[in-house]
Structures are given as structure tokens and as C-alpha cells.
2 protein chains.
Amino acid sequence: MNLLLLSNSTNPGEEYLSWPREYLNSFLEGIDDDILFIPYAGVTISWDDYFEAVEAAFEPLNKEVTSIHHTLNPEKAVMKARAILVGGGNTFQLFNEIQENGLLLPIRKRVEEGMPYVGWSAGSNVACPGLHTSNDMPIVEPVSFDGLHLVNYQINPHYTSKTIEGHGGESRDQRLAEFLAANPDKKVVGLRESSLIEVQGDVHTIRGNNPARLFSIEGTTEIEIGGQIQV
Amino acid sequence: MNLLLLSNSTNPGEEYLSWPREYLNSFLEGIDDDILFIPYAGVTISWDDYFEAVEAAFEPLNKEVTSIHHTLNPEKAVMKARAILVGGGNTFQLFNEIQENGLLLPIRKRVEEGMPYVGWSAGSNVACPGLHTSNDMPIVEPVSFDGLHLVNYQINPHYTSKTIEGHGGESRDQRLAEFLAANPDKKVVGLRESSLIEVQGDVHTIRGNNPARLFSIEGTTEIEIGGQIQV
């Protein structure tokens, strides 16, 4: 499979989708049109506005993007796309829309056949077996927590071990420890902002500007930039 | 109804359940036994250990607490309890256990009949119409997002407008704006740490050490300590 799974679209203060631009460009080399964007995770932004922002970000790369919400038949759009981009926002809404539009199996089928898949934030969550390691608020109840299962581990995007000082709510590390206590056979890649997982065939490599952190019930280990995820 | 809905059990650095002690004592006045604790939200703590911590916190108040996980018939335990305490932890697991044990309707019935209900953190979330304004990680898929509906608004416990500096993940305010965009007819009480909602009959009052923040699609307003929630 060919996957580019980003922690986040944009670093604070930077232009939209600018930090991953070089990775997007080389990952999508030779594919200049029929790139299908899925804006379903957008909640406080209209899907039209979301699409325009993504379209503008890909224009300097000479890549033509279309949005699934402008097509009459979402499944057909997936079947004829040459690459797919799944944007961030709210993971619960993203899962719900993908499931309600009957797209879980079509997207999975196409990606298994080799179609390149790019996800950022919620778009990386939905590439996982399940919704379980999202940071988002459960604003809508999805049909189920089932994801695309393009990778066999969970991803925690925007991973940070930092906390808000003087605040008693759980830290991210405590939340991930809860996930592993409830799901001791699972593994989670904590993907820090400004980093990504590049999957080519069976090789899963950490790229970008920060190492990742692998969580399992046995403990946690760092995966350096350029290092591979072994699960 | 008689409800005491706490944002959090404990402030950083303080003893377990110490800040709300005076409120718990006067709310449960005259009820010294058959107080039923529900530890289902506990994930990284065993339910035995969780119960012991709660039992120890209520001992100075001369209140005898039992735990629902030590009873053979959870529903019967709810029916004979004189008061109920629902502890914090992971909201998704709490909803799932309450639903799988068939306790949504029995608890609701008893509380509607006047049985005092105390919840903190996840225990306040489950008093709401739905799970939708939890801060927790969706570590397990609950049967549904349906809550006890003891109040007709949502609560966001541990509410804070602070963010982690240099981190691009959504702020709490952004997450609540997403909830309202997806559910424009709903209202949310952002309950800061070290504060609670006291419900007596139809009067819902903010108590403790911090004002609350009421979120609706029209905008947000502060509710001072001693002020009432009007929704």
C-alpha cells in the first residue's frame, strides 16, 4: 500500500499544508489530476470553503483536486480517483459520513489495489482499525467505530506529552494508557505534530520533523525520524 | 430531582475528593448508609482500589458506601440504594458498562423519584442527554451515546479555555463550537475544575470556586458562583 499519514496539516503560524508540501509532492509524483478530496471531517468550516483551501494548497504543486461532496455518486468518485486525500477536523463526523455514504469498503479496496492515500489528523485516524485513539470530541454518534484498517496499529495524531499547567484533566499519556488497559493487544503510534508515517508496501517509516512514540502494553519506545514502525 | 454534578473529584496536589467535601456532606445529609458507588469509569485503576479510595474519602463524613461491582444484581442494588455516586474515569467505558448492565432506566427512575445522585467528571457526563461533550478518548465503543438525561443540557467537565502553547490541536472552545455546529439546538455548561452544579427540584445552581460558562449557538455567557442555569 501507498500511504502518507500526517499528524497535522499545519504548524501554528504557518501557511495551510505548508510543512508537508515536499512530502505531498513526491508522494503524488506523476499524479496531477483526479485527486479526490474528502472534506467530511469539516464541521465549523463549510465543505466548499474546506475544498477551496485544499485546492489552493495543491495548486503550487500543479495538482488538480476535486471534492467528493461535489459528485453525485461518492462511491463512483472513489472508484475512478487516482489518489485520495482525507482531511482533518472531527473524527466522529468523518467516520459517520464515510460509513453513511458506504465508502469504507470502496476506499479500502482501491487503496489495497495501490491507489495512494493521504490523510491528515482525522484522515489518519480513519486509516486505522478503529476510531479509538482520536483526540476529538464525540459530537456525533457514528454508525460504528470501524475504520479503514489500512494499517494494523492505531495512530494518535497531534501526540504530545505536554499538559496544561494546574489542570487536572487526563494527559495524553494517561489517555493512551487507558486505551491500552482496555485493549492490551493493540499498539499505538503517537505521531507528534510536524511528522508523518510514509507507507510503501510493507515498510512504514517516520518522516518529517519529529520522532514518533510507540505505545504498547509492554511499554513505550521512541521511533526516530527515518526509523521504521515494527508492529 | 436532587443532583450534585461535579466537574472534577480532586484539584491538583490536594487529597482525593477533598475540595467538594462540604458539598457532599450537606447534599447527603441524613443519608449515612446504602450509598451506592459506581466505579465503571475506572480503567487504569481496579474497581476494588477505586472503591477503597472513595470509601476512605467518605469515612470522615461517617457515610457508608458500597460498590455496585460487589453486588450480584446491579439493578437490584440501584433499586434499594438511598443515594448513588458515579465516579470519573473514562466516559466511554462508563456509558458502555451502565448500558450493558441495563442500568440506564433503573437509575433514571430512582433519581426521578428523588434519590440523590452525585457524579464527578464522567459521572457528570452520564447525567446528560448524551455522551457528546466528554473530553475522553473513545477507548471502547459504547452500546450507544445515550445518557441518563437527568438534565436537559450537556456538561463539559474540566472546562478550560487554556491551550498547550505551540500545539496545533483544537482548543476546548473549538471543540465545543464543533459540537454546537453539529447540534445547534443544544446547550453546554462548561464546568471549570473545582466547581459543580447543584440541582434541587427545578433550580440548577453553580457552586464551588469557579464560575461556569454556558455555550449555545447564539453565543457564550458566564454564570457566576451562586448563579442559576437557565436553559
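Note on naming: letters A, B, ... go to the chains in the order of the sequence lines (proteins, then strands), and numbering restarts at 1 for each one.
Considering only heavy atoms from C-beta on, A:Val86 stays 4.5 Å or farther from A:Val118 through its side chain. The side-chain heavy atoms of B:Pro211 and B:Ile223, taken from C-beta on, include no pair separated by under 4.5 Å. Put simply, the side chain of A:Pro138 does not reach to within 4.5 Å of the side chain of B:Phe95, judged on heavy atoms. At a threshold of 4.5 Å between non-hydrogen side-chain atoms, the residues A:Val188 and A:Leu214 do not count as touching. Counting only heavy atoms from C-beta outward, the side chains of A:Leu180 and A:Leu176 never approach each other to under 4.5 Å.
If you tally non-hydrogen atom pairs under 4.5 Å between each of B:Pro142, B:Gly169, B:Ala177 and chain A, the highest count goes to B:Gly169.
Within the model, atoms CG of B:Leu4 and CG of B:Leu196 stand 5.0 Å from one another, a figure rounded to the nearest 0.5 Å.
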Determine which donor-acceptor pairs between chain A and chain B fall under 3.5 Å and list them with their distances.
{"unit_1": "A:Asn90", "atom_1": "ND2", "unit_2": "B:Glu178", "atom_2": "OE1", "d": "3.0"}
{"unit_1": "A:Asn135", "atom_1": "O", "unit_2": "B:Arg175", "atom_2": "NH1", "d": "3.1"}
{"unit_1": "A:Asp136", "atom_1": "OD1", "unit_2": "B:Arg175", "atom_2": "NH1", "d": "3.3"}
{"unit_1": "A:Ile139", "atom_1": "O", "unit_2": "B:Asn183", "atom_2": "ND2", "d": "3.0"}
{"unit_1": "A:Glu141", "atom_1": "OE1", "unit_2": "B:Phe145", "atom_2": "N", "d": "3.2"}
{"unit_1": "A:Glu141", "atom_1": "OE2", "unit_2": "B:Phe145", "atom_2": "N", "d": "3.3"}
{"unit_1": "A:Phe145", "atom_1": "N", "unit_2": "B:Glu141", "atom_2": "OE1", "d": "3.2"}
{"unit_1": "A:Phe145", "atom_1": "N", "unit_2": "B:Glu141", "atom_2": "OE2", "d": "3.3"}
{"unit_1": "A:His158", "atom_1": "O", "unit_2": "B:His167", "atom_2": "NE2", "d": "3.4"}
{"unit_1": "A:His167", "atom_1": "NE2", "unit_2": "B:His158", "atom_2": "O", "d": "3.4"}
{"unit_1": "A:Gly168", "atom_1": "N", "unit_2": "B:Glu193", "atom_2": "OE1", "d": "2.7"}
{"unit_1": "A:Gly168", "atom_1": "N", "unit_2": "B:Glu193", "atom_2": "OE2", "d": "2.9"}
{"unit_1": "A:Gly169", "atom_1": "N", "unit_2": "B:Glu193", "atom_2": "OE2", "d": "3.1"}
{"unit_1": "A:Arg175", "atom_1": "NH1", "unit_2": "B:Asn135", "atom_2": "O", "d": "3.1"}
{"unit_1": "A:Arg175", "atom_1": "NH1", "unit_2": "B:Asp136", "atom_2": "OD1", "d": "3.3"}
{"unit_1": "A:Glu178", "atom_1": "OE1", "unit_2": "B:Asn90", "atom_2": "ND2", "d": "3.1"}
{"unit_1": "A:Asn183", "atom_1": "ND2", "unit_2": "B:Ile139", "atom_2": "O", "d": "3.0"}
{"unit_1": "A:Glu193", "atom_1": "OE1", "unit_2": "B:Gly168", "atom_2": "N", "d": "2.7"}
{"unit_1": "A:Glu193", "atom_1": "OE2", "unit_2": "B:Gly168", "atom_2": "N", "d": "2.9"}
{"unit_1": "A:Glu193", "atom_1": "OE2", "unit_2": "B:Gly169", "atom_2": "N", "d": "3.1"}

